[in-house]
Enquirer: 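Can you keep this structure in mind? I'll have questions shortly.
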Protein chains: 2
Amino acid sequence: MAVSGNPSRRRGSDLVDAIYAAALAEVAELGLGRLTMDGIAKRAETARTSLYRRWPSPSELLLDALSAAHPMEEPTPGADDLRGDLVASLRLMVDWAISPAGRAVQAIMGDPRRDPVLVQGLYERVFAENGGTFTRTVLLHYARAGEFDEALVTPVVADIGEALVIKHLIDAGIPDDDALGRIVEQAILPAIGIRP
Amino acid sequence: MAVSGNPSRRRGSDLVDAIYAAALAEVAELGLGRLTMDGIAKRAETARTSLYRRWPSPSELLLDALSAAHPMEEPTPGADDLRGDLVASLRLMVDWAISPAGRAVQAIMGDPRRDPVLVQGLYERVFAENGGTFTRTVLLHYARAGEFDEALVTPVVADIGEALVIKHLIDAGIPDDDALGRIVEQAILPAIGIRP
DNA sequence: TCCTTAAGCTACAGTGATGTAGCTTATTAA
DNA sequence: TTAATAAGCTACATCACTGTAGCTTAAGGA
């Protein structure tokens with residue numbers, strides 16, 4: 001016998017969005033290993049049965065939540081400011097990394113179990129084709145504009161900025177623009193033959 | 001009433017070492033979020049009560065296990081081979097990263113909860129003073145030998161190699177010597193003004 | 001307005017981890 | 001040989017999460 005209960009009741013996408021937000025928050029705070037149907041339901045203030053009616057497991061739910069999250073923004077190289085555009089593209093990356101979706105992705109990628117279904121889903125549904133290529137887009141744009149040899153944009157060079165941002169996030173927290181500027185000047189630009 | 005049981009019974013450091021190994025294996029396989037006294041006890045084939053007699057929680061146990069693990073090796077720059085020594089120092093880092101202790105550390109650092117006690121313990125008891133400075137040691141050695149300006153070895157530059165290795169481990173697995181060589185040539189050496 | 005749908009609520013049995021207690025027994029040192 | 005110590009074993013109450021069932025009820029469309 002149901003007794004009191006909320007007089008206003010969410011349905012459809014209203015409810016689903018709340019559940020998605022709860023799932024991302026749970027995994028970002030607790031990690032994949034502590035993600036439970038119960039925890040998601042409680043945070044979303046809904047009944048556990050409502051979750052089981054739609055998803056068989058926390059992983060499946062999480063994957064849908066990530067697909068529905070805002071995608072990564074693409075960097076849009078401007079007129080003639082390689083250094084500035086590189087910093088801006090790293091700033092985009094940082095913004096995404098500290099968003100609920102970004103933190104959820106980190107929890108998934110960092111989990112030792114590396115659920116293959118989850119990781120594959122990530123690549124197919126979140127990174128899409130264009131994902132994770134923040135500085136690469138900018139570098140290729142300026143190389144094609146004739147600023148330097150396109151052949152210098154190797155996979156390693158395209159990864160330098162992202163790699164240093166990841167390391168900064170791990171052991172020093174969120175980098176400010178000065179920190180991003182140092183990464184660009186001291187690591188990325190030298191790799192394409194530009195010394196300050 | 002105890003019935004059969006193992007006729008040979010481990011004591012002292014024999015037992016403790018087995019427990020440490022079990023703890024590192026558990027956290028490496030399952031992640032910090034799934035680390036339990038029960039799991040460690042079962043893997044070490046000992047009684048849960050034996051764990052509670054020594055440690056109050058899985059975290060405390062894990063920290064002791066990490067302290068007891070083999071420390072990171074220091075790179076020892078050789079005669080006159082900057083490139084080779086850099087690759088060797090990154091190889092040291094990779095070897096450590098894929099060891100039980102290294103994988104446990106990754107699980108701890110990657111955990112969204114970032115248990116402050118655990119992280120602080122890591123810095124004090126595992127990284128010590130010298131930890132995490134694989135390429136830095138080599139770079140400073142050659143800079144002081146006059147190969148390039150020591151001022152070029154900034155925190156960012158000292159991090160380039162480690163950062164790219166971390167990224168490689170995350171999204172492409174264990175790097176071989178060719179991959180390490182590309183990191184050295186295309187990212188580290190240009191940053192200190194050396195072009196192949 | 002009525003009716004279908006979807007959500008909420010409660011309950012339940014099952015499972016696995018917790019932390020403790022009290023006992024038995026192997027190992028080691030005296 | 002004996003005694004002290006440390007480890008093993010079992011049991012227990014408790015808690016949190018699971019997955020399911022069956023019911024009640026709010027929302028929204030016909």
Side-chain angles (χ1 to χ4, degrees), chain A residues 1-23 25-27 29-62 64-65 68 107 111-113 115 117-118, chain B residues 1-23 25-27 29-62 64-65 68 107 111-113 115 117-118:
Chain A
M1 53 198 95
V3 191
S4 55
N6 197 328
S8 95
R9 182 182 288 187
R10 293 165 300 182
R11 280 167 84 102
S13 59
D14 256 17
L15 177 61
V16 169
D17 288 349
I19 293 171
Y20 284 168
E26 284 282 303
V27 79
E29 271 182 32
L30 305 178
L32 197 53
R34 302 186 192 87
L35 185 67
T36 64
M37 287 299 223
D38 218 41
I40 299 169
K42 274 173 184 147
R43 186 184 286 255
E45 295 184 294
T46 187
R48 210 169 62 247
T49 42
S50 300
L51 302 194
Y52 280 111
R53 279 179 189 125
R54 292 175 196 263
W55 302 278
S57 71
S59 298
E60 298 282 335
L61 199 171
L62 182 60
D64 282 353
D111 192 272
R113 270 194 178 171
D115 181 341
V117 176
L118 218 41
Chain B
M1 53 199 91
V3 190
S4 54
N6 197 327
S8 97
R9 181 182 289 186
R10 294 165 299 181
R11 279 167 85 102
S13 59
D14 255 18
L15 177 61
V16 169
D17 288 349
I19 292 171
Y20 284 167
E26 283 283 302
V27 79
E29 272 181 31
L30 305 177
L32 197 53
R34 302 185 191 88
L35 185 67
T36 65
M37 287 299 222
D38 218 42
I40 298 170
K42 274 174 185 147
R43 186 184 286 255
E45 295 184 293
T46 186
R48 210 169 62 247
T49 43
S50 300
L51 301 195
Y52 280 111
R53 280 183 188 123
R54 293 175 194 262
W55 301 277
S57 69
S59 297
E60 298 283 336
L61 198 172
L62 182 59
D64 283 353
D111 192 89
R113 270 195 179 171
D115 180 341
V117 176
L118 217 42

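Order of the sequence lines fixes the chain letters, A, B, ..., with proteins taken first and strands second; residue numbering starts at 1 for each chain. Both backbone and side-chain heavy atoms feed into the values below; hydrogens, waters and symmetry mates do not. Predicted model only: the values in this text are computed from it and were never measured.
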Enquirer: Got a sec, which residues hit salt bridge (Lys or Arg N to Asp or Glu O under 4.0 Å) with A:Arg48, two or more places apart in sequence or on another chain?
Expert: A:Asp38

Enquirer: Please list residues of residues 10-21 of chain A whose heavy atoms come under 4.0 Å from any atom in DNA chain D, ordered by number; otherwise none.
Expert: A:Arg11

Enquirer: Can you list, by residue number, the residues of residues 42-53 of chain A that have a non-hydrogen atom closer than 4.0 angstrom to DNA chain C?
Expert: A:Thr46, A:Ala47, A:Thr49, A:Ser50, A:Arg53

Enquirer: Contact class for B:Arg54 (heavy atom, under 4.0 Å): base, sugar-phosphate, or nothing?
Expert: sugar-phosphate

Enquirer: Send over the distance from B:Leu61 CG to C:dT18 P, rounded to a whole Å.
Expert: 11 Å

Enquirer: Between B:Ala44 and B:Ala18, what is the shortest heavy-atom contact and its length?
Expert: CB-O, 4.0 Å

Enquirer: Among A:Asp64, A:Asp14, A:Leu61, find the residue that satisfies the side-chain contact (heavy atoms from CB on, under 4.5 Å) test when tested with A:Ile19.
Expert: A:Leu61

Enquirer: Return the set of residues passing side-chain hydrogen bond (donor to acceptor under 3.5 Å, both in side chains) with B:Asp115 (not counting sequence neighbours), or none when no residue passes.
Expert: none

Enquirer: B:Arg43: which residues meet the salt bridge (Lys or Arg N to Asp or Glu O under 4.0 Å) condition with it, sequence neighbours left out?
Expert: B:Glu26, B:Glu29

Enquirer: Taking all atoms of both residues into account, what is the closest heavy-atom pair of B:Met37 and B:Tyr52, and its distance?
Expert: CG-OH, 3.7 Å

Enquirer: Counting only distance, no hydrogens or angles, is the base of C:dA7 paired donor-acceptor with the side chain of A:Arg9 under 3.5 Å?
Expert: yes

Enquirer: Can you confirm whether B:Leu118 sits close enough to B:Asp111 that some side-chain heavy atom of one is under 4.5 Å from a side-chain heavy atom of the other?
Expert: no

Enquirer: Whole-Å distance between D:dG19 P and A:Ile40 CD1?
Expert: 12 Å

Enquirer: When the distance from CH2 of B:Trp55 to P of D:dA6 is rounded to whole Å, what number comes out?
Expert: 14 Å

Enquirer: My understanding is that only residues two or more places apart in sequence, or in another chain, count here; which of them pass salt bridge (Lys or Arg N to Asp or Glu O under 4.0 Å) with A:Asp17?
Expert: none

